[in-house]
Amino acid sequence: MQLPGCSGHNTPLWGGRFGADAGITARHFTASIDFDHRLYREDIRGSRAHAATLHRADILSEEELEMILAGLDTVEEAIRSGKATLSRDHEDIHTNVEVLLADVIGPVAKKLHTGRSRNDQVATDLHLFVVDVIDDVQTGIRALQRNLVALANGHADTVLPGYTHMQRAQPVVLAHHLLAYFFMFERDRSRFLDCRARADRSPLGAAALAGSGYPLDREFAAGLLGFSGIYANSMDAVSDRDFIVEYLSAAAITMMHLSRFAEELVLWSTSEFGFVRLGEGYATGSSIMPQKRNPDSAELLRGKSGRVYGSLMGLLTTMKGLPLAYNSDMQEDKEGLFDASDTLLSCLDIAAGLVASIEVDPGRMGAAAETGFLGATDAADYLVHRGTSFREAHRIVGEIVAHCEANGLELADLSPETWRKFSPLFASDIVERIRTRGIIANRNLAGGTAPDSVAAQLAMARDILGRG
Ligand code: ARG
């Protein structure tokens, strides 16, 4: 795409009221073509629908409509192929398309803007963009979820420590851990769908703010654009960007989930943990330390959350003081929206690939679950089942853990006699009861880490994926 900048001295569209030179520097400062050229497809879609609506209202003849539609096809292809020259002198994508259309079809092009404003035009473009990008995000989340389920499927029996406060807490199976992320991403998906439902409204016909002065059938235009309905209020239609704020919030939350997952992969791939190895394509070496295998992709998944949060904060801040209706501040909505969308889509893609590349070390994971007194809660529960209050049981097991620490032992090393020294309620089955497998098997309620519970979660996940 050519963006020649100061290419000559064209009369702006509002040239009728303004004097000779409104100031090139200021005009270029207010121009948005450097970034909103990305909306050319949406803009041309909107123009096609508007032209058809003008024709329906007998404002354009059949012949004029056909000329405009054919001209728009030509302009779209010229922009797509990079042959069209887009200029800052024409400020934004809307005006550039109109100027290009006039180059192709002549004066009839000047009729296209009848009953329309760039205010409802840009709002329409952005609604189309958000609805479409959400569809891409859905696809991206699904691919990641599928890879999580595939990995979980192979690790329903792989034990690792579950952590709280980054301290080993209770043993879990890897499938359980991975499915936690599956369900987070499922909520993300539904958040995007909620946002999509609200963005699925056409602002077209709202014109500058008060509604078009022509009898335009707004429902007809909305239908042509694939929207489910129209904005009920024209001032609202042109002046809110809450649908973008909502989209960016959903994007920020998804990035937060991706970042947490990435952080686990960074930790798990250290030599200290050694739980996983990330595929070579997702790690890089160091320019100075030959032994290094840096988890760069995971680090950047974690790091890129910052810029998406930034886009959300930026737009919220831009919008907060704006009176009705359109204000030029709103032009600042686009770069954050585009950057957040590009970032999110590439992060989803990388995360899916990263998951598929993970090599798990079940030995390291299992060994980590055998140390750190992960059976302590279950030992306390054992006493509770035999009539001890939980607080008292907690105290007794605390003493047992202190005894182990003092003697370099794990709970599994204790004989039934030693257990009984701390409480006569311990019978010899305590030894089995606090084995890792026993602890896991005991958590067989809905959502737990026991084999049946995890199998049920896997089935649920597969069912969700099966629904598309
Ligand atoms: N470039 C503008 C934007 O992105 C389009 C709308 C301009 N409207 C206006 N009245 N200046 O918001």
Side-chain angles (χ1 to χ4, degrees), residues 1 3 5 10-18 22-47 49-50 75 79 84 86-101 110 112-133 199 202-213 225 231 234-245 247-248 311 314-341:
M1 181 142 327
L3 286 172
N10 298 310
T11 311
L13 281 203
W14 54 90
R17 184 181 178 284
F18 282 77
I24 287 286
T25 312
R27 271 214 262 145
H28 289 178
F29 176 69
T30 54
S32 53
I33 188 63
D34 292 86
F35 44 89
D36 71 10
H37 62 82
R38 253 184 96 150
L39 291 172
Y40 79 93
R41 278 194 206 88
E42 289 80 1
D43 199 68
I44 290 172
R45 271 170 76 190
S47 284
H50 182 63
V75 171
I79 299 178
L86 299 172
S87 166
R88 286 188 197 127
D89 286 339
H90 304 310
E91 195 177 330
D92 54 27
I93 187 61
H94 324 296
T95 312
N96 269 279
V97 167
E98 202 177 320
V99 169
L100 290 169
L101 185 66
K110 298 192 182 208
L112 176 60
H113 210 56
T114 314
R116 168 174 91 165
S117 155
R118 283 183 298 158
N119 298 350
D120 61 343
Q121 207 177 342
V122 70
T124 302
D125 294 4
L126 289 168
H127 280 78
L128 289 170
F129 180 89
V130 167
V131 165
D132 283 352
V133 83
S202 173
L204 205 58
L209 76 164
S212 178
L225 289 168
Y231 270 84
S234 64
M235 295 183 77
D236 178 28
V238 288
S239 72
D240 207 351
R241 294 292 182 264
D242 60 347
F243 65 105
I244 304 181
V245 173
Y247 166 76
L248 291 174
S311 296
L315 185 57
L316 281 169
T317 312
T318 295
M319 293 302 294
K320 74 177 272 293
L322 300 186
L324 292 183
Y326 179 84
N327 296 272
S328 286
D329 316 46
M330 288 155 71
Q331 182 166 289
E332 288 294 308
D333 57 7
K334 284 167 208 64
E335 285 163 290
L337 169 63
F338 297 152
D339 186 71
S341 300

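Remember, it's 1-based here, ligands and their atoms both numbered in the order they're listed.
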Query raised in the report: Taking heavy atoms and a distance under 4.0 Å, where does Gln121 meet ligand 1: side chain, backbone, both or neither?
Result: neither
Report task. Please list, chain by chain and in numerical order, all residues satisfying side chain to side chain contact (heavy atoms under 4.5 Å, CB included) with Thr317, sequence neighbours excluded. Result -> none
Query - Close side-chain approach of Tyr40 to Ile33, heavy-atom, < 4.5 Å - result: no
Query raised in the report: With a 4.5 Å limit on heavy-atom distance, are the side chains of Glu98 and Ser47 in contact?
Result: no
Query raised in the report: When you measure from atom 1 (N) of ligand 1 to each heavy atom in Arg241, His94, Arg118, Gln331, which option holds the nearest one?
Result: Gln331
Please list, in number order, the atoms of ligand 1 under 4.0 Å from a heavy atom of [X].
| X | answer |
| --- | --- |
| Asp92 | 1 (N), 2 (C), 5 (C) |
| Ser32 | 1 (N) |
| Lys334 | 3 (C), 4 (O), 12 (O) |

**Report entry** Residue and atom name of the nearest protein heavy atom (relative to atom 10 (N) of ligand 1), distance in Å to one decimal
**Finding:** Asn119 OD1, 3.2 Å
Query raised in the report: What protein heavy atom sits nearest atom 12 (O) of ligand 1, and how far away is it?
Result: Tyr326 OH, 2.4 Å
**Report entry** Sole residue of Lys334, Arg118, Gln331 in side chain to side chain donor-acceptor pair (under 3.5 Å) with Asp92
**Finding:** Arg118
Query raised in the report: About how many Å separate CG of Leu204 and NE2 of His50, when rounded to the nearest 0.5 Å?
Result: 6.5 Å
Report task. Go through the structure and list residues passing side chain to side chain donor-acceptor pair (under 3.5 Å) with Asp43, not counting sequence neighbours. Result -> His94, Gln121
